[in-house]
Amino acid sequence: MRVIPPVPDADDAPFWDGVRAGKLLLQRCADCGTVRHPPSPMCARCHSVQREWFEASGTGRVYSWIASQHPSAPDDSQRIVALIDLDEGVRMVSNLQDVDLADVRPGMPVQVTFMEIDGTMLPQFRPTEAAR
Ligand code: ZN
C-alpha cells in the first residue's frame, strides 16, 4: 500500500505524535468536554479555543466501508477504507486489517492497532476477538 505521509500542523501534531508512540489520542474541549475529530482550533459546541488531549480506548464499531484500489497503482493490493465510530463518540477514517472484505459487517466491533505502512506509522483497525 502506498501512503502519502501526514504533514502535521498545530492542530493535529499531538495526534500524530501519539500515533508514533502507539497511542490513539483524541482532542476535547477543555471547557465543555466535547470530543472532536479531526482536531480543530475551536469547539463547535461552545466556541472555546481551550483544548486538551486524552488517550482513547481504541475501540469502536464499523459504520461503513469501501474496497479501495489505488488509482495510479492498480497492481497494489486492495484495501478496506472504513468509517469507525469510536466509543468516545467521534468518527474516524481508517483501514481495516485482518478481515476479508466479505466478512465486514455494519456495527462490527473493532480495535485500533498501529502499523508502519510504506514507512509511515498509521492507526489501523481490526476486528475484536468478540467479532470473530
Ligand atoms: Zn466546548
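Indexing begins at 1, ligand by ligand and atom by atom, following the structure's order.
- Judged by distance alone, the side chain of Gln111 and the main-chain N or O of Arg126 form no donor-acceptor pair under 3.5 Å.
- Within a radius of less than 2.8 Å around the Zn ion (ligand 1), the protein N, O or S atoms are Cys29 SG, Cys32 SG, Cys43 SG, Cys46 SG.
- Note on residues 48-61: pairs passing salt bridge (charged side-chain N to carboxylate O under 4.0 Å, His left out), not counting sequence neighbours, are Asp11-Arg51, Arg28-Glu52.
- With no hydrogens or angles considered, a side-chain donor-acceptor pair links Ser57 and Glu88 at under 3.5 Å.
- Looking at Asp9, its side chain does come within 3.5 Å of a backbone N or O of Asp12 through a donor-acceptor pair.
- Shown here for Asn95 and Val81, the closest heavy-atom pair between the two residues is ND2-CG2, 3.7 Å.
- Leu24 approaches Phe125 most closely through the heavy-atom pair CD2-CZ, 4.3 Å.
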